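Letters go in sequence order (proteins before strands), and every chain restarts at 1. All values derive from a computational prediction rather than experimental measurement.
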Amino acid sequence: MVCGVGPEATGILRTVSYAVHTDVYEGPVDLLLHLILKDEVDLYEISLSRVVDGFLAYLDGLASAVDLEMTTEFLVIAATLVDLKARRLLPGPVDVEVDEELALFEQRDLLLARLIEAKTFRDAGNAIEARSQAASRSWPRTAGLEERFLALAPDLLAGVTPADIHAAWLRVTAPAPPPPRVVLDHVAPVRVSVGEAVDDLMARLPGAGLLTFRALTDGLVDRMEIIVRFLAVLELYKQGLIELGQAVTFGDLEVSWVGEPGSVFAGADAYEG
Amino acid sequence: MASEAARAAEAILMVADEPVEPQLLAQLLEVSPARVDELCEELAAAYQAEDRGFLLARVAGGWRFQSHPDLAPYVERFVLDGQPARLSPAALETLAIVAYKQPVSRAQVAVIRGVNADAVMRTLSQRGYVEEVGRDPGPGQAVLYGTSRMFLERLGMNSLADLPPLADFVPGADVVEALERGLGADDS
Amino acid sequence: MASEAARAAEAILMVADEPVEPQLLAQLLEVSPARVDELCEELAAAYQAEDRGFLLARVAGGWRFQSHPDLAPYVERFVLDGQPARLSPAALETLAIVAYKQPVSRAQVAVIRGVNADAVMRTLSQRGYVEEVGRDPGPGQAVLYGTSRMFLERLGMNSLADLPPLADFVPGADVVEALERGLGADDS
């Protein structure tokens, strides 16, 4: 099934040009978030890892001309999706202490607050746009002084010498501080796909029993690599090959292998290549 | 018979190429700034009553003549410069953050947006909407940004106080509920 | 109720920087040039009857708003007291860009300066220091600016060749070194 794009979604369509192609959904990634929030697409049904892998492949294909704005938009949305999905997949607060439950609420409230803040400024930005559109229907008078007054106007070039003009030119063309580099370190060097991360986990976990997520991401400094690793963990959890636990709120996420010996990852074919 | 001060205000505003502050007009007309605002408001009301094709508006802290928005289709054809290109949604969101949180550093903007804001901030300052307004006194002395006079002019606002309160944009209960559902808060 | 054509004429004349020819107005308003003159004469009479501080005058073959001669003393005070007496650093830099890069469009100036240059360019051209020298042959046909004869006179120059040449700029030792490294000069 492929979700239709309703007319109310067209405003979102212009924001992100990267499109998601999965079995359940095809369209811009921003719209995906919108639909999930409206409960029109089931989060469980979306393979986030395919979304991320697809995006990484897309970036590779772009070679040099990467649109930084689009990349960062994608990362925000992907991070929000991962966050949402993690919260749904993690064991619920079944028999946690009241304190821990409160802490969980707090954590959720923090995320909620961020989403509300983001939505607030997005809407405020739209209001600014509307005002600017309305204001742009009036043009200011800029005719300035009539000739008969020009002679009275102080000569703005009084005391200015050709050397001053030269100095001003040098000032304006002085090498600026190096132009901000388009930092893609957090995206481009990630050569590990979710599929590869799944393979790696499948190799390590059965023999290890229980490992913390921290241990599984030991040595990874790149945020994107950690996200990819986290997505791989979620995929294995969906397959019922691992259990996830958290002894203490905000404590380490514990990953334990529960699959039969010799289990294979059912979704593995989705990651070939 | 129109008052000399009102007529002088009309004459000066006709040759000004940017909004003229009431303080300056007051000094030139030898009346109080409050009286200037009163005079200009009377003039603006008269033009409206006479159904003129122009307005007297208070923009960016001063008074200026401008064309009536009704007549945009005619003026558009006359003015050769195209309208400035529209801002992207990301740039608009960033502009809103600067407008409401100013003075604000790029790092602070990045925290709210969740992404690096350098490229967007550069676009906004190149277009003249935001500008450096100071330095953070703390360590690092980060550059602080605010909206420019041109931002007010482009939005046809007299001052930042004309911005609708940010509270107007906080999503309503229905949206918050939907977000909460998305976070699985309805389990409990 | 004022006619749409009369209101449109008011709007266009209000934003025009120079007298607008009746032929052009006629085309924009979709009436005959004779009708334009009639409309403008009616407007001019109305302003006079209302004792406005401005008038609509036929100047140099076109119509324009201007301040009423009665009020010249106020406008003169505005020119003397209300206007900056010297060029701002930003204006000087813009003028330098036009001087060295002419013919140059406003957009090109903005790119070099890194900020919008429209207001500064307007001031410079109103003061007669820069002027239109042509149109970009490319799409959009942007107006190209150059420095004026007045600019040369005020700076005591005979021609642009009297500006200090840009080649006089000697890069520092570090820059030269970096350039040489970049060219592989250190291989030899």
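For B:Glu18, the side-chain contact (heavy atoms from CB on, under 4.5 Å) partners two or more places apart in sequence, or in a different chain, are B:Arg149.
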N/O donor-acceptor pairs under 3.5 Å from side chains in residues 20-30 of chain B, not counting sequence neighbours:
| unit_1 | atom_1 | unit_2 | atom_2 | d |
| --- | --- | --- | --- | --- |
| B:Glu30 | OE2 | C:Arg77 | NH1 | 3.2 |

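Between chain B and the options C:Val79, C:Val111, C:Val75, C:Thr123, heavy-atom pairs under 4.5 Å are most frequent for C:Val75. When each of B:Met150, B:Glu131, B:Glu50 is checked for heavy-atom pairs under 4.5 Å with chain C, B:Glu50 comes out on top. Per-residue heavy-atom pair counts under 4.5 Å with chain C were compared for B:Ala11, B:Ala6, B:Ala9, B:Gly128, and the maximum is reached by B:Ala11.
Using a 4.5 Å heavy-atom threshold, the side chains of B:Met14 and C:Met14 count as touching.
With hydrogens and angles ignored, the 3.5 Å screen pairs no side-chain donor or acceptor of B:Arg52 with any backbone N or O of C:Arg7.
Other residues, nucleotides and ligands contribute at most 12 non-hydrogen atoms within 6.0 Å of the CD atom of C:Gln48.
Contacts between residues 54-65 of chain C and chain B, counted as heavy-atom pairs separated by less than 4.5 Å, involve C:Phe54, C:Phe65. Of all residues spanning residues 66-74 of chain C, those with a heavy atom less than 4.5 Å away from chain B's heavy atoms are C:Gln66, C:Ser67, C:His68, C:Asp70, C:Leu71, C:Tyr74, arranged by number.
The parts of B:Ala16 that come within reach of chain C are both its backbone and its side chain, each placing non-hydrogen atoms under 4.5 angstrom from that chain. Contact annotation for C:Leu13: neither backbone nor side-chain heavy atoms come within less than 4.5 Å of a heavy atom of chain B. For a residue to count as touching a neighbouring chain, one of its non-hydrogen atoms must lie under 4.5 Å from one of that chain's; by this rule C:Arg113 does not touch chain B.
Between atom CD of residue C:Glu76 and atom CD1 of residue B:Ile12 there is a gap of 11.0 Å, rounded to the nearest 0.5 Å.
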